[in-house]
Amino acid sequence: MSKPAPLILPFESVDRSSVAQVGGKNASLGAMVRNLGGRGVRMPPGFATTAEAYWRFLDASSLRPVIAAAISDWTMGKASLPDTGARLRAALLAAPWPEENAEAIRAAYRALCARIGKPDADVAVRSSATAEDLPDASFAGQQESFLNIRGEAALLEACRRCYASLFTDRAISYRQTKGFDHLRVALSIGVQQMVRSDLAGAGVMFSIDTETGFDKVVLINGAWGLGENVVQGAVDPDEHQVFKPLLDQPGTVPILEKRLGGKAQKMIYAQDGEHPTRNIPTTPAERSAFVLADTEVLALSRWAVAIEAHYGCPMDMEWAKDGESGEIFIVQARPETVQSRLGSGALRSFRINSKGALLVTGLAIGDAVVAGQVCRIDSPRDIDRFVDGAILVTTATDPDWVPIMKRAAAIVTDHGGRTSHAAIVSRELGLPAIVGTETATRDLQAGQEVTVSCAEGDEGFVYEGRAQFETRELDASAAPRPRPRSCSTSPTLLRPSAGGACRLMG
């Protein structure tokens, strides 16, 4: 008689072969816990519910036919996407827990609390979707996560909300577009000790240059408080670029560039059980200081190199610093999905011949030039107001914005860095974007004709009117290989440059 499938798996028993059981996100965490802990890379402890637990949750309340009927009504045009999503989320949120599932989650949480040494320990509860017949499908960014969850009752409610988030409008639309059967996609839930970055800082790290694909640098963004503000682009973060080949050479500080971000707000713990986090303004001292010391930047960069070597590909990672212990942790890691997959075929170059007055500037994402009309949108609920082919201008984006972003010619945001949601999705869509402008929603008017230029270096520019520019097609495979140049000095000195940056000097 075969052994029944488990409902819970500790991270230590999960690896990259477990994607069908626990989804890509949780499988990645388990793989790092098992393989990189011995190399000094710290990950918070935790556990994952399995796909089997999700199917048992559905079957206990006979929800599979409910899901099938709702999706059928939508695809036949009998119901709208918002109505379909609301109907399914309500059904899952009203479903009672099967006692076996509930007790398995409670027991795993009690064991985690005992391991940490805290009763009712605060945990992060993250969704990790998977398709049993499509083990490489990651469904990144489609489901919800919940932070600062305390106690068994609150944990069970957060887990139920994770299940319901499998049927957000964006998740339903994503699966339909990709051709995934809605009843073959399960959801695993990762429950992980919270890192008290609300008392320190957190951010995102890439083991590759996100704009050029140069694989010899680590890019680190960070801000005060919990890391969600950096991921969603709600703040303008600090930025560090580190040269990987010199990380193992004693006496060197291979930080190529460091740029101080505005960091106007930070996300901290709240006392409200329904809303366990909140944003507050940062102090002048916090805005004028880097979140990470140079020694911490270098330590994180060495971890990035180790994680990249383990996976064998460029990586996108989230880090958090605990304000109580002073320790830094990696809380998520996934393969980088844009630069590492670019081919070496045709490239385009742009040259602007004449342009209007400069309106706003920010960080350039991509390398294209686009002219068009401004369409200012404040909420993804206003998708019907967006004009196809317009230039989307907003404060920041999150996964709910993707349907609008797909229809835009370019994107301009007030906030965000190179690792923000707006930047990452723009790269995936091949759109030029300018993030972190601070004033775009104030200075750009709806219907205004503008030119978005990301072809003039690291800085992006929005010009008044339609600039005259040329586009040239280049064959990358025919480009001559540059000759290597010798360097007689070791880059060990950081000198400040304009704009709050420090550049590595020989």
Side-chain angles (χ1 to χ4, degrees), residues 141 202-206 208-213 219-223 227-241 257-265 287 291 316 318 336-339 358-370 372 374-380 390-402 404-406 408-444 450-463 499-501:
V204 177
M205 173 169 66
F206 280 80
I208 190 172
D209 186 278
T210 54
E211 293 308 306
T212 66
L219 174 69
I220 301 174
N221 277 177
E228 294 298 297
N229 281 341
V230 178
V231 173
Q232 302 298 355
V235 295
D236 303 320
D238 297 339
E239 181 172 296
H240 299 79
Q241 294 187 43
E257 184 172 357
K258 52 194 298 188
R259 188 177 299 275
L260 188 68
K263 308 184 296 293
Q265 62 180 1
R287 293 193 290 272
V291 172
D316 166 3
E318 294 180 27
E336 191 274 341
T337 57
V338 180
Q339 290 295 344
L358 179 63
L359 300 176
V360 296
T361 66
L363 294 172
I365 308 301
D367 56 7
V369 177
V370 168
V374 169
C375 191
R376 160 81 182 274
I377 299 288
D378 296 323
S379 167
I391 294 169
L392 172 63
V393 176
T394 190
T395 52
T397 69
D398 62 29
D400 287 332
W401 285 86
V402 173
I404 298 177
M405 298 170 78
K406 288 179 176 178
I411 297 165
V412 183
T413 66
D414 285 346
H415 305 299
R418 298 186 197 279
T419 61
S420 65
H421 177 269
I424 291 172
V425 173
S426 295
R427 292 187 199 99
E428 292 176 347
L429 297 176
L431 297 176
I434 302 177
V435 300
T437 64
E438 298 185 2
T439 63
T441 56
R442 185 191 71 192
D443 295 340
L444 303 180
V450 300
T451 299
V452 174
S453 173
C454 296
E456 301 174 71
D458 289 343
E459 196 169 10
F461 305 93
V462 180
Y463 300 110

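Residues: numbered from 1 along the sequence shown.
Atom-to-atom distance recorded for R259:CZ and H240:NE2 is 11.5 Å, nearest 0.5 angstrom. Here the OG1 atom belonging to T394 is positioned 8.0 Å from the CD1 atom belonging to I404, to the nearest 0.5 angstrom. Note that OG1 of T361 is 8.0 Å distant from CD1 of I434, once rounded to the nearest 0.5 Å. Atom CD of residue E336 and atom CZ of residue R427 lie 8.0 Å apart, to the nearest 0.5 angstrom.
When each of D458, L363, I365 is tested with E211 by the rule side chain to side chain contact (heavy atoms under 4.5 Å, CB included), just one qualifies, namely I365. The side chain to side chain donor-acceptor pair (under 3.5 Å) test with T439 singles out one residue from D443, T441, T437, and that residue is D443. For the side chain to side chain contact (heavy atoms under 4.5 Å, CB included) with I220, the lone residue among E239, Q241, M205 that qualifies is M205.
Formation of a donor-acceptor pair under 3.5 Å by the T397 side chain with backbone atoms of A422 is found in this model. In this structure, R418 contributes its side chain and T210 its backbone to no donor-acceptor pair below 3.5 Å. Side-chain N or O atoms of S453 include none that pairs as donor or acceptor with a backbone N or O of F461 at under 3.5 Å. Distance alone, capped at 3.5 Å, places no donor-acceptor pair between the D236 side chain and the K263 backbone.
Nearest heavy atom pair, residue G417 against residue A423, reads O-CB, 3.5 Å. T413 approaches I411 most closely through the heavy-atom pair CG2-CG2, 4.0 Å. The shortest non-hydrogen separation linking I391 to G372 is CD1-N, 3.7 Å. Annotation for G416 and P237: closest pair C-CD, 4.0 Å, computed over non-hydrogen atoms. Of all non-hydrogen atoms in A440 and D414, the two that sit nearest each other are N-OD1, 2.9 Å. The shortest heavy-atom contact between A433 and C454 is O-SG, 3.2 Å.
Side-chain contact between I424 and F206 is present, with at least one heavy-atom pair separated by less than 4.5 Å. V450 has its side chain out of reach of Y463: every pair of non-hydrogen atoms, C-beta onward, lies at least 4.5 Å apart. Proximity of Q265 to H415: side-chain heavy atoms (C-beta onward) are nowhere separated by under 4.5 Å.
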Go through the steps to decide whether L219 and D209 satisfy the test side chain to side chain contact (heavy atoms under 4.5 Å, CB included), and finish with yes or no.
CA-CA 6 Å; L219 174 69; D209 186 278; 6.0 Å; no
Output, in order, the C-alpha distance, side-chain angles, deciding distance and verdict of side chain to side chain contact (heavy atoms under 4.5 Å, CB included) for L392 and W401.
CA-CA 10 Å; L392 172 63; W401 285 86; 4.0 Å; yes
Can K258 and D238 be said to form a salt bridge (charged side-chain N to carboxylate O under 4.0 Å, His left out), step by step?
CA-CA 7 Å; K258 52 194 298 188; D238 297 339; over 6 Å; no
